[in-house]
Protein chains: 2
Amino acid sequence: VTTENDFVRQLKRRFPVLPPVEIGIGDDGAVLAPSSSRTIVVTDMLLDGVHFDLRNTSARLAGRKAIAVNLSDLAAMGCRPTAAFVSIAVPQDLPDSFTFLQELYQGIEEFTARYSMTLAGGDTNSWRHPLAINVCLTGTPFGTAPILRSGAKPGDVLFVSGPLGGSLLSDRHLTFDPALPLSEWLCANTDCRAMMDLSDGLSTDLARMMEASGTGAIVDAAKIPIHCDVDCSWTHDRRLAAAVGDGEDFELLIGVNPADAVMLSNRAAEAGFWLHPIGEVLSGAGCQIRNPDGHIQPLFNMGWQHSM
Amino acid sequence: VTTENDFVRQLKRRFPVLPPVEIGIGDDGAVLAPSSSRTIVVTDMLLDGVHFDLRNTSARLAGRKAIAVNLSDLAAMGCRPTAAFVSIAVPQDLPDSFTFLQELYQGIEEFTARYSMTLAGGDTNSWRHPLAINVCLTGTPFGTAPILRSGAKPGDVLFVSGPLGGSLLSDRHLTFDPALPLSEWLCANTDCRAMMDLSDGLSTDLARMMEASGTGAIVDAAKIPIHCDVDCSWTHDRRLAAAVGDGEDFELLIGVNPADAVMLSNRAAEAGFWLHPIGEVLSGAGCQIRNPDGHIQPLFNMGWQHSM
């Protein structure tokens, strides 16, 4: 039996305290230095049997995904991560809960090390039910301000940062790399008007961005990149529906000032990033899709919404 | 069935966005204004069957406790709350999950309204297991800097903010008011060297504060205030063990500069706060208790530690 005190001491040794964090694990709360920039806070809770399945997912990948989906939110805000807060409800019936937590924190350490962010706090409890992990991250804008969902303007060009669909059937939702490097490049190199990450599918998430911006959008079916994780034996319509509706892609959806958009894909490619123009922001409301034959129809909400 | 979009829209209407929060619910993350003060972050996860029991606890009290324990952490840091982030794993088998969440958020609203803090983000998922609630709060110091556990110095006088013990047998752990008003008063009126909240019992928590400060302590058994929730028919020794070991009191443990300590209880009482001097910080290590007969013994670790 390892006590809470021992566990906290071990985490303090394993995770260094780096600026802007001044006080990390071990007090009643963490302390971040004063900042002339805004502070951005994101949070997501991941549940065994919902967001991963520990029967065929390692504790390391579960911990990794819990951090990665939150980093994807920070990327979507145009922000660099600064500190992580990890709360865990650990099942009591694990054969070796100490090893389990060690492995889970390996998945977290992969990103805290890569992005020089501090594991600055958290809470660990055990119970007789499945694993639940909540991650809360703080971040700071790459540029002068965060990029919101609400900034899209009619005429902006819509891009996605990678091919879509099939993430949950493959292991991509567990192993993806959050688009932080692209987010940093975009903030430095283009007039990004609006950004969000694709977690619930392009059809759902694009509708959210357009609603927040008070705009509509049209996308070209032929331009939506379909991921190779989507079954090649399916009809094109079914493959397109998967790309638009599957969710958990964790690619960025970006609205760019049209003045910047023309050469953006090429310039991004030179920097090592793929950007796919898929459509355009319109005045009005609602999202539409243009088929290759020119026929336009509503981009039905094929994405996944958590129902209560 | 209420969709996630509807639910988020309703929360946005119910919880106003107040400074320093600039962007609250509805984007990928929340945005807090730049600050010349430090930002403090606290987090705690509460689980049905561990921290409350929904068979005899309302959703409102569960939500209330989830915020209150985190506010208690901010009080312990000498900080005012600014924003709340609430993640909830909702059981799928509830007869009416919509009403359940409404009631849970009533418990949260009690404190967001009282302290003018913004519910600025969160995450809600459903699963086939008991309720889990994670709360993460940001705060800002009442004074120029947060009060840490590590600042106690030999000679400091130790105070507790109220009587101890029996919290879990009564409903006090669900209905307590976090000591934020006292914390603000202390920051303005005395040289507070070290502070923490008593969640795991005085014997455990005092040992943590002294370890963090590199000091020891001695407390007077006769001065430890025993809560009336502790059964009066028990022997004094058993009642004292409850006061020192029960946990979930959520009172403050405070180390005060001895120059300020003499009149502190009286001055606090004039301001409407109870402060009980219980002992003194010593050089060296370890915590001891002085019995009324003058006999000194180790303050055994009678508090509750989460075992893994």
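In what follows, every chain begins at residue 1, and chains take the letters A, B, ... in the order their sequences are listed.
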Main-chain N/O of Gly26(A) paired with Arg149(B) side-chain donor or acceptor, under 3.5 Å: yes

Nearest-0.5 Å distance, CG of residue Leu32(B) to OG of residue Ser37(A): 13.0 Å

Straight-line distance of Thr39(A) OG1 to Glu22(B) CD, nearest 0.5 Å: 10.0 Å

Between [X] and [Y], which heavy-atom pair has the shortest distance, and what is it?
{"X": "Trp127(A)", "Y": "Leu131(B)", "result": "CZ3-O, 3.8 Å"}
{"X": "Ser150(A)", "Y": "Asp27(B)", "result": "N-OD2, 4.3 Å"}
{"X": "Met195(B)", "Y": "Asp28(A)", "result": "O-OD2, 3.6 Å"}
{"X": "Met45(B)", "Y": "Asn125(A)", "result": "O-ND2, 3.3 Å"}
{"X": "Ser126(B)", "Y": "Val50(A)", "result": "O-CG2, 3.8 Å"}

Taking [options] one by one, which has the highest count of heavy-atom pairs under 4.5 Å against chain A?
{"options": "Ile40(B), Val41(B), Ile23(B)", "result": "Val41(B)"}
{"options": "Val42(B), Thr138(B), Asp73(B)", "result": "Asp73(B)"}
{"options": "Leu46(B), Leu47(B), Thr140(B), Asp197(B)", "result": "Leu47(B)"}
{"options": "Met209(B), Gln92(B), Met196(B)", "result": "Met196(B)"}

Measuring heavy-atom distances to chain A, does [X] have an atom under 4.5 Å in its side chain, in its backbone, in both, or in neither?
{"X": "Asn70(B)", "answer": "neither"}
{"X": "Ala89(B)", "answer": "both"}
{"X": "Pro130(B)", "answer": "both"}
{"X": "Thr43(B)", "answer": "both"}

Arg128(B) atom CZ: more than 12 heavy-atom contacts under 6.0 Å: no

Options Val21(A), Val8(A), Val31(A), ranked by heavy-atom pairs under 4.5 Å with chain B, top entry: Val31(A)

Distance-only donor-acceptor check, side chains Ser87(A) and Asn134(B), under 3.5 Å: yes

Region of Ala212(A) that comes under 4.5 Å of a non-hydrogen atom in chain B: neither

